[in-house]
Amino acid sequence: MSSAKSSILLIYTGGTIGMMKDYTSGALKAFDFSQLLKNIPELNQLDCTISSYSFERPIDSSNMNPTHWVAISDIVAEKYDEYDGFVVLHGSDTMSYTASALSFLLENLGKPVILTGSQLPIGDLRTDAKENLITAIQIAALKKKGKAVIQEVGLYFEYKLYRGNRTTKINAEHFQAFASLNYPQLIESGVHLTVFNEYLLPQKKKLGLKSHRNMDDNVAILKIFPGINKNVIDAMLGTKNLKALVLETYGSGNAPMEEWFLERLNNAIINGIHIINVTQCSGGAVMMGHYETSSRLKKMQVINGKDITTEAAITKAMYLLGSGVSQDLFKTVFETSLRGEMM
Ligand code: ASP
């Protein structure tokens, strides 16, 4: 850490982490974030200054949408020069989507934006919220030779910092609610914080932050299953204004070889719909052409999602469509890693 204290902005969007139990009634109620330091005196021991900003109406993350993502990204962009790091408190349910979206919206990010939340409310006796919050702040405050150690969007949960756009929520019960199956953790919190420097995104040179504001929601996700029928495919591909479809396929990117299925996908592509092949497995990558069941997809110019998560794929599609990338370039740009979201 450099000698100058880091200044951190906590952005509270909602979710379980911000709840307190009213021990007389037993009900959960929203926590007053202006009282943060009073309620969590441990925060005073951190070697940084903490300010907080709360959504006017904190929300359960199931209610998150691209407008909220842009709102969070706008706050970071507006306050970028004032703070050394940002911690976003967020419900865990859709945290991986928000983390992925923010990674695309905040181009050339040179400071940490760390999302965290908890499985139990901050006021609960057995809460995981305090550790998650305190360590997320510590990570956001980390500096080496005056520069932020983390210069990307991270997600901190249960002793691990992950690259945000590599994560997925895997458990609704365990404290270890997230996994990053295709990319190693960036930091592990034990007695010390161990930073795995080799896995961090490279330090930004002189490029300034470029924040984006357009996400196009004319996208969809289709998880195939044995027995999927024409009506389902037609309904999906016939969706009004559909521009991109994330197709969750089997294993390393395999799909049925039936002619009616392949023909429909091919026609959709000819009609300008981008089809992105991602695996429905939790880990591993799409390898189009590896099996016969994916070689036709490859030939018809289905986009190779490689080892991207569904959360990152759908938000990347929204971002690229919103950024106005040309129809011809979409495939090439999608298949390129923009923020470390894919191999
Ligand atoms: N339903 C909550 C949310 O995602 C769960 C949580 O906060 O972990 O907002």
Side-chain angles (χ1 to χ4, degrees), residues 9-22 25-33 35-36 39-40 43 52-73 75-76 86-103 105 113-137 139-140 153-181 185 189 215 217 221 282 309-312 314-315 318:
L9 181 64
L10 270 185
I11 302 169
Y12 176 54
T13 69
T16 303
I17 192 164
M19 303 271 162
M20 288 290 272
K21 198 167 201 160
D22 180 334
S25 68
L28 289 176
K29 53 178 196 186
F31 179 86
D32 177 0
F33 258 78
Q35 301 295 305
L36 188 73
N39 283 289
I40 314 176
L43 293 178
S52 67
Y53 172 95
S54 176
F55 267 26
E56 205 176 318
R57 254 189 243 116
I59 56 170
D60 185 292
S61 77
S62 306
N63 289 318
M64 277 280 162
N65 62 42
T67 310
H68 298 112
W69 300 337
V70 172
I72 302 170
S73 158
I75 298 164
V76 172
F86 301 84
V87 173
V88 180
L89 301 177
H90 194 288
S92 61
D93 289 348
T94 65
M95 197 186 292
S96 294
Y97 289 92
T98 301
S100 300
L102 289 177
S103 76
L105 290 171
V113 174
I114 312 296
L115 284 93
T116 194
S118 65
Q119 293 283 54
L120 284 173
I122 208 155
D124 195 285
L125 269 182
R126 295 176 51 250
T127 190
D128 51 333
K130 281 193 187 175
E131 198 285 317
N132 285 347
L133 173 61
I134 290 168
T135 311
I137 295 174
I139 288 172
V153 177
L155 186 155
Y156 182 78
F157 225 88
E158 191 64 3
Y159 304 112
K160 288 187 167 106
L161 178 78
Y162 305 106
R163 175 163 302 152
N165 58 28
R166 289 291 197 153
T167 62
T168 240
K169 184 170 180 184
I170 49 151
N171 204 299
E173 156 80 19
H174 295 167
F175 286 142
Q176 186 158 2
F178 289 88
S180 167
L181 288 156
Q185 66 209 40
S189 163
M215 296 291 263
D217 63 4
I221 299 172
S282 323
T309 61
T310 297
E311 292 89 332
I314 195 80
T315 51
M318 288 182 179

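When reading the values below, keep in mind they use all heavy atoms of this one structure, side chains included, and skip hydrogens, waters and symmetry mates. We're numbering straight along the sequence, starting at 1. All ligand and atom numbering here is 1-based and tracks the order in the structure.
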Value for CE (Met95) from OG1 (Thr167), rounded to nearest 0.5 Å, stands at 8.5 Å
Could you tell me whether the side chain of Ser52 and the main chain of Leu10 form a donor-acceptor pair under 3.5 Å?
-> no
Ligand 1 atoms in contact with Gly15 (distance to a heavy atom under 4.0 Å) | 7 (O), 9 (O)
Could you tell me whether the side chains of Glu311 and Thr168 share a donor-acceptor contact shorter than 3.5 Å?
-> yes
Consider every N or O of Gln119 and every N or O of ligand 1, then say whether any pair is closer than 3.5 Å.
-> no
Taking distance alone, with no angle check, do Ser62 and ligand 1 share an N/O pair under 3.5 Å?
-> no
Any nitrogen or oxygen of Thr16, main chain or side chain, under 3.5 Å from a nitrogen or oxygen of ligand 1?
-> yes
Geometric N/O contact Thr94 with ligand 1, under 3.5 angstrom = no
Does a sphere of radius 6.0 Å around OH in Tyr159 hold more than 12 heavy atoms from other residues, nucleotides or ligands, not counting ones at 6.0 Å or beyond?
-> no
Ligand 1 to Ser118 polar contact by distance, N or O atoms, under 3.5 Å | yes
For the side chain of Asn165 and the backbone of Ala312, is there at least one donor-acceptor N/O pair under 3.5 Å apart?
-> no
Taking atom 9 (O) of ligand 1 as the reference point, the nearest protein heavy atom with its distance | Ser61 N, 2.7 Å
If you have a sec, work out which protein heavy atom is nearest atom 8 (O) of ligand 1 and how many Å separate them, to one decimal?
-> Ser92 OG, 2.5 Å
With distance as the sole test, does Thr127 use its side chain to make a donor-acceptor pair with the main-chain N or O of Pro121 at under 3.5 Å?
-> yes
